[in-house]
Amino acid sequence: LRYACENGLTSSVMIDASDLPFRQNLEATKSVVEFAHPADVLVEAELGHVLGEEDQIQSSLTKHDEATYTKPAEALEFCRETNVDLLAVCIGTNHGVSSGQDLDLRTDLMKTCNDLFQKEKLTTFFVLHGGSGVDPKDIAFCVNNGVVKINKDTEYQFTWTQAAIKVYDGLRDSVYHPDGGPSPLGGRAGWKPDKKRFDTRPQMKEMRKVIAKRTQDMIAEGGSNGKS
């Protein structure tokens, strides 16, 4: 992180030390802010725990575990001492595949944090991790209570893969012999690959269209359409 900041390689970084005890998380975050801010780099941190799996690391907590949730008073102390720009507030969301009924969301915590920060005139903004599958009404509520960034990696992966399968299902015979046997590039038994159809560049355009449409929908769900 230090190298990226000091060499102008990024405009923002994230330090996720949320698996550490509160004080150690705070100190680790503060150390990053100290070299990032002089380089005009924004710093995001996390307090609490997002359920599920990320980068092949599985959380051991359950949705009813209080340690999952960010404590507003700790969030205030954390941001005051670290001067972090963005804080991922954990309200019970989940990394990976989930749906509304699987989550024990505490959107009230987002409002409590936002109200507290406004009262104390703290300018830290909030982030929502594990946003895939969260009801659009909850997304809009969080946006109205200080959230300026929502992570939806799983939703993008899902949308992209659905689009890719839909496209390539119709192209199988352009790269595989109909009998399911060997399918060399040079062709076999009256069959040969059809480059006009299996060229990946046009197919990627189709996937990008689907992703762009879903992105537009999510922007509208958050009430941010027409804004920059």
Side-chain angles (χ1 to χ4, degrees), residues 11-34 36-37 41-52 54 59-96 98 100 102-155 218-219 221-224 227:
S11 60
S12 65
V13 294
M14 180 182 180
I15 166 67
D16 184 359
S18 59
D19 59 327
L20 298 176
F22 174 78
R23 181 52 56 176
Q24 292 179 39
N25 183 0
L26 187 154
E27 293 300 333
T29 301
K30 187 176 180 180
S31 69
V32 172
V33 171
E34 287 174 351
H37 278 184
V41 173
L42 296 174
V43 180
E44 175 184 338
E46 183 172 333
L47 193 57
H49 301 275
V50 178
L51 301 173
E54 182 180 38
S59 172
S60 61
L61 299 174
T62 69
K63 66 180 183 179
H64 299 299
D65 195 323
E66 282 300 314
T68 297
Y69 303 103
T70 300
K71 297 177 177 60
E74 286 189 349
L76 183 66
E77 178 184 356
F78 186 91
C79 292
R80 270 181 172 164
E81 291 198 35
T82 62
N83 198 28
V84 72
D85 304 286
L86 299 158
L87 179 69
V89 176
C90 298
I91 62 171
T93 52
N94 186 88
H95 284 305
S98 63
D102 297 330
L103 304 174
D104 190 9
L105 287 186
R106 293 283 310 280
T107 55
D108 60 295
L109 288 178
M110 196 67 79
K111 185 177 189 312
T112 300
C113 285
N114 190 49
D115 290 346
L116 182 59
F117 278 44
Q118 287 188 346
K119 179 182 176 182
E120 298 297 324
K121 295 181 171 51
L122 210 60
T123 57
T124 308
F125 292 104
F126 303 131
V127 176
L128 182 66
H129 288 183
S132 298
V134 175
D135 190 290
K137 291 181 181 178
D138 292 322
I139 293 292
F141 181 88
C142 289
V143 169
N144 288 330
N145 284 279
V147 170
V148 298
K149 174 174 172 276
I150 301 169
N151 292 6
K152 282 179 167 277
D153 184 47
T154 297
E155 188 153 356
M218 289 191 289
I219 289 172
E221 289 168 4
S224 296
K227 302 177 182 178

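When reading the values below, keep in mind they use all heavy atoms of this one structure, side chains included, and skip hydrogens, waters and symmetry mates. In this text the structure is predicted, and so the values were computed from the model without any measurement.
Atom CG of Asp108 and atom CG of Asn145 lie 10.0 Å apart (nearest 0.5 Å). To the nearest 0.5 angstrom, Leu105 atom CG is 7.0 Å from Thr107 atom OG1.
Under the 3.5 Å distance criterion, the side-chain polar atoms of Thr93 are matched with a main-chain donor or acceptor of His129. Looking only at distances, no side-chain donor or acceptor of Asp138 sits under 3.5 Å from a matching main-chain atom of Val134.
Closest of all the heavy-atom pairs between Phe22 and Leu47 is CD1-CD1, 3.8 Å. Closest of all the heavy-atom pairs between Leu128 and Cys142 is CD2-SG, 4.4 Å. Of all non-hydrogen atoms in Cys90 and Gly48, the two that sit nearest each other are SG-C, 3.4 Å. Closest non-hydrogen pair, Ala36 versus Val43, comes out as CB-CG2, 3.4 Å. Of all non-hydrogen atoms in Ile150 and Val147, the two that sit nearest each other are CG1-CG1, 3.8 Å.
Not counting sequence neighbours, Phe141 has no partner by the ring pair (Phe, Tyr, Trp, His ring centres under 6.0 Å) test. Partners of Lys111 according to the salt bridge (charged side-chain N to carboxylate O under 4.0 Å, His left out) rule, which considers only residues two or more places apart in sequence or in another chain, are Asp115. Listed by chain and residue number, Leu26, Glu27, Glu77, Glu81 satisfy the side chain to side chain contact (heavy atoms under 4.5 Å, CB included) test with Arg23 (two or more places apart in sequence, or in another chain). Qualifying ring pair (Phe, Tyr, Trp, His ring centres under 6.0 Å) partners for Phe78, counting only residues two or more places apart in sequence or in other chains: none. The side chain to side chain contact (heavy atoms under 4.5 Å, CB included) test applied to Leu42 returns Ser12, Asp85, not counting sequence neighbours.
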Thr70 and Glu46: side chain to side chain contact (heavy atoms under 4.5 Å, CB included), yes or no, with the steps? CA-CA 9 Å; Thr70 300; Glu46 183 172 333; over 6 Å; no
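The shortest distance between side-chain heavy atoms of Val32 and Val13 falls below 4.5 Å.
Classification of Arg80 and Glu120 as a salt-bridged pair holds, one side-chain N sitting under 4.0 Å from a carboxylate O.
Looking only at atom types and distance, the side chain of Asn25 has a donor-acceptor partner in the side chain of Thr29 under 3.5 Å away.
Applying the salt bridge (Lys or Arg N to Asp or Glu O under 4.0 Å) test to every pair with at least one member in residues 144-154, sequence neighbours left out, gives these pairs: Glu44-Lys149, Lys152-Glu155.
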